[in-house]
Amino acid sequence: MLDIKFVRKNPELVAKNIENRGAAQDLDDFLKLEQQRRELTQRVQDLKTRRNQASQEVALAKREGRDPAPAMEGLSELSDKIKELDGELKGLDRQVHEWLLSVPNIPAQDVPVGSDEDDNQVVRTRGEKPVMDFQPREHWDLGVELGGLDFEHAAKMTGSRFVMYVGWGARLERALINFMLDVQTGEHGYMETMPPMIVNRDSMTATGQLPKFADDLFKLENWEDYLIPTAEVPLTNIHRGEILQEDQLPLAYTAFTGCFRSEAGSHGKDTKGIIRQNQFNKVELVRFAHPEDSFEQLELLLGHAEEILKRLGLHYRVVNLCTGDLGFGAAKTYDIEVWLPGQGRYREISSCSNFTDFQARRGDIRFKPAQEKKSRLVHTLNGSGLAVGRALVAIMENCQQKDGSIVIPEALRPYMGGMDIIRKQ
RNA sequence: GGAGAGGUGGCCGAGUCGGCUGAAGGCGCUCGCCUGCUAAGCGAGUAAGGGCUUAACCGUCCUUCGAGGGUUCAAAUCCCUCCCUCUCCGCCA
């Protein structure tokens, strides 16, 4: 959510941003509404001042044993008027707030301008594509043949876009989770958590999934709660409505959770394999940062995610998302794209974003500067560290051998009971 | 699911018959004083958000005592609904 004062002072910038982001809000209507709201606020406040003063006199008269009736003259009407205008004001407040909730964040200065993913800027490339003297196979092909991925039974018990990991598949998924958590907690200083995977409406609103993206979420029937699409939601909401101490920043949390996405609107995309599932596992990183250094914190966070890929020996590149590809609440986002030989292209395996004060304002997450009277909004950041299923895909496709076996990366072997190669089971 | 208790400021905790209670008292914290270290002691300050005003400080007004609604000139205090927490019993991973 943008600062209402910022919107008022920078109308042309906000209007341009709304247009660039393909949003549909009308700024002029909003500014009119906001003007009305401010005028009415002032009027109601004045009336309340009068009412409060009069009430004091009634109290005083009673205490001194005088007749309070004269002081009460006309107060009933005044109160009715206040009640009426208060109701009107509440309506305006709600409209103003709802408008603000549906406006995207302003991109950072160094975000490339562009319309879609083709305009994203490659920041760096790390590692090498594996050399293969054979036609690399896709992960679903290998996974099913080697017995680690079972789509048929998952489809029977649930439906499409679900998978059951079996044997080495399940073990490798678990190994990745433990490996990632160990690195992020042990070496990068994140506090490990296991948050709820069901959250309420306020939490979803704070991080920006609601109200605009309800279609992407699974909502529980007869409950006002939702399955989380990412642990970003519970983790960022840890400090919702709180005022932190300045010296607590930055705060860093990590969590392994399931993630649940309806994938509405992506019919026909990635229908094979486990790239796009309605349920997947992810180790998430969330940071609460001081506004002064949140962009340095983003680089740090990005490095924490990259480290996992480096240790797994996977080739990847980092891209700076352009304005057209940037998510709703993000001011700046780096995607990490891992090379998939089977598909012959790079695929997103992590997305690291600085939301500046966008989520903090929605969720009222602040800190108290040591030298100032007023509290300030923190900046929130998050990134995958990493998407576990996609890491599994990357390993399968990058470490496959001509005979169809898969060599397990060194870093994971301790987590695999010493196993170094996956063969048909 | 059954029975009961409660939700007040960073924390604990008062709030009488509704009316100078935005909220006593304590703890914590900040600043100052005192003390040859430490501890103790003394004094002052210490909720958040918003409006007006100011260069800023100050000042002033409005809102907020779990949420929403109602009664009233006036509600932390009375009434209704909801949410949450805790205790006991039952059931269960």
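The shown structure was predicted, so the numbers you read here are calculated from the model rather than taken from an experiment. Values reported hereafter were calculated over all heavy atoms of this structure, with side chains retained and with hydrogens, waters and symmetry mates removed. So you know, we letter chains A, B, ... as the sequences are listed, proteins then strands, and number each from 1.
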* In terms of side-chain heavy atoms, does A/His304 have a donor or acceptor partner in A/Gln184 at a distance below 3.5 Å? -> no

* Modelled atom types, side-chain donor and acceptor of A/Glu57 and A/Gln53, under 3.5 Å -> no

What's the gap between [N] and [M] when it is taken at their [atom1] atoms, as a whole Å value?
N     : M     : atom1 : result
B/A76 : B/G66 : P     : 10 Å
B/A14 : B/G68 : C1'   : 27 Å
B/G45 : B/C27 : P     : 16 Å
B/A74 : B/U64 : P     : 13 Å
B/G9  : B/G26 : C1'   : 13 Å
B/U8  : B/C61 : P     : 28 Å
B/A24 : B/U81 : P     : 32 Å
B/A3  : B/C82 : P     : 15 Å

* For salt bridge (charged side-chain N to carboxylate O under 4.0 Å, His left out), just list the numbers for A/Arg276 and A/Glu263, CA-CA rounded to whole Å, side-chain angles, deciding distance to a tenth of an Å, and then say yes or no. => CA-CA 8 Å; A/Arg276 193 177 300 276; A/Glu263 293 299 338; 3.2 Å; yes

Are [X] and [Y] packed together at the side-chain level, in the sense that at least one heavy-atom pair is separated by less than 4.5 angstrom?
X        : Y        : answer
A/Ser384 : A/Glu284 : yes
A/Met180 : A/Leu176 : yes
A/Met204 : A/Pro229 : yes

Heavy-atom donor-acceptor pair, [X] side chain to [Y] backbone, under 3.5 Å:
X        : Y        : value
A/Glu77  : A/Glu73  : no
A/Ser375 : A/Phe367 : no
A/Asp364 : A/Gly241 : no
A/Arg287 : A/Leu298 : no

Can you check whether [X] has a side-chain N or O nearer than 4.0 Å to OP1 or OP2 of [N]?
X        : N     : answer
A/Lys83  : B/G69 : no
A/Lys368 : B/A48 : yes
A/Ser76  : B/U72 : no
A/Lys81  : B/C73 : no

* Asked: Contact class for A/Gln56 vs. all strands (heavy atom < 4.0 Å): base, sugar-phosphate, or nothing?
  -> nothing

* Structure fact -> Of B/U71, B/A48, B/G51, the nucleotide closest to the side chain of A/Lys5 is B/G51

* To do: Go through B/G51, B/C73, B/A48 for me and flag the one nearest to the A/Arg366 side chain.
  => B/A48

Interface polar pairs with nucleotides 78-81 of chain B, N/O, under 3.5 angstrom:
none

* Less than 4.0 Å between a side-chain N and a carboxylate O, is that true for A/Glu410 and A/Arg311? -> no

* Asked: If you measure from the Lys or Arg side-chain nitrogens to the Asp or Glu carboxylate oxygens, is any gap between A/Glu292 and A/Arg376 under 4.0 Å?
  -> yes

Check residues 232-239 of chain A and write down every donor-acceptor pair under 3.5 Å in which the side-chain atom is one partner and the other belongs to a residue at least two apart or another chain.
{"from": "A/Glu232", "atom 1": "OE2", "to": "A/Gln359", "atom 2": "NE2", "distance (Å)": "2.8"}
{"from": "A/Glu232", "atom 1": "OE2", "to": "A/Asn382", "atom 2": "ND2", "distance (Å)": "3.4"}
{"from": "A/Thr236", "atom 1": "OG1", "to": "A/Glu232", "atom 2": "O", "distance (Å)": "2.7"}
{"from": "A/Asn237", "atom 1": "OD1", "to": "A/Arg240", "atom 2": "NE", "distance (Å)": "2.5"}
{"from": "A/Asn237", "atom 1": "ND2", "to": "A/Ser203", "atom 2": "O", "distance (Å)": "3.0"}
{"from": "A/Asn237", "atom 1": "ND2", "to": "A/Val233", "atom 2": "O", "distance (Å)": "2.8"}
{"from": "A/His239", "atom 1": "ND1", "to": "A/Glu242", "atom 2": "OE1", "distance (Å)": "2.7"}
{"from": "A/His239", "atom 1": "NE2", "to": "A/Tyr253", "atom 2": "OH", "distance (Å)": "2.7"}

* **Pairs involving residues 51-103 of chain A, ordered by first then second residue, that meet ring pair (Phe, Tyr, Trp, His ring centres under 6.0 Å) (sequence neighbours left out)** => A/Phe30-A/Trp99

Counterpart base for [N], defined by Watson-Crick or G-U wobble contacts under 3.5 Å:
N     : value
B/U38 : none
B/G9  : none
B/G43 : B/C31
B/C92 : none
B/U71 : none
B/A3  : B/U87
B/A76 : none
B/A56 : none

Can you tell me the distance, in whole Å, between the [atom1] atom of [X] and the [atom2] atom of [N]?
X        : N     : atom1 : atom2 : result
A/Ile4   : B/G49 : CD1   : P     : 16 Å
A/Ile365 : B/G49 : CD1   : C1'   : 16 Å
A/Leu47  : B/C73 : CG    : C1'   : 14 Å
A/Arg66  : B/G19 : CZ    : P     : 18 Å
A/Leu75  : B/U72 : CG    : P     : 14 Å
A/Lys62  : B/C20 : NZ    : P     : 12 Å
A/Glu77  : B/U72 : CD    : P     : 13 Å
A/Glu242 : B/G49 : CD    : P     : 15 Å

* Asked: Along nucleotides 54-68 of chain B, 5' to 3', which nucleotides get a B, which get an S, and which get a -, given that the test is a protein heavy-atom distance under 4.0 Å?
  -> ----S--BSS-----

Which pairs would a plain distance check flag for residues 81-94 of chain A, meaning a side-chain donor or acceptor within less than 3.5 Å of a matching protein atom at least two apart in sequence or in another chain?
{"from": "A/Asp86", "atom 1": "OD2", "to": "A/Lys48", "atom 2": "NZ", "distance (Å)": "3.1"}
{"from": "A/Asp93", "atom 1": "OD1", "to": "A/Arg37", "atom 2": "NH1", "distance (Å)": "3.4"}

Look for any protein N or O under 3.5 Å of an N or O in nucleotides 15-18 of chain B and output each such pair with its distance, or none.
none

* To do: Using heavy atoms to find the nearest nucleotide of RNA chain B for A/Ala54 and A/Gln42 separately, return the residue whose nucleotide is more 5′.
  => A/Gln42

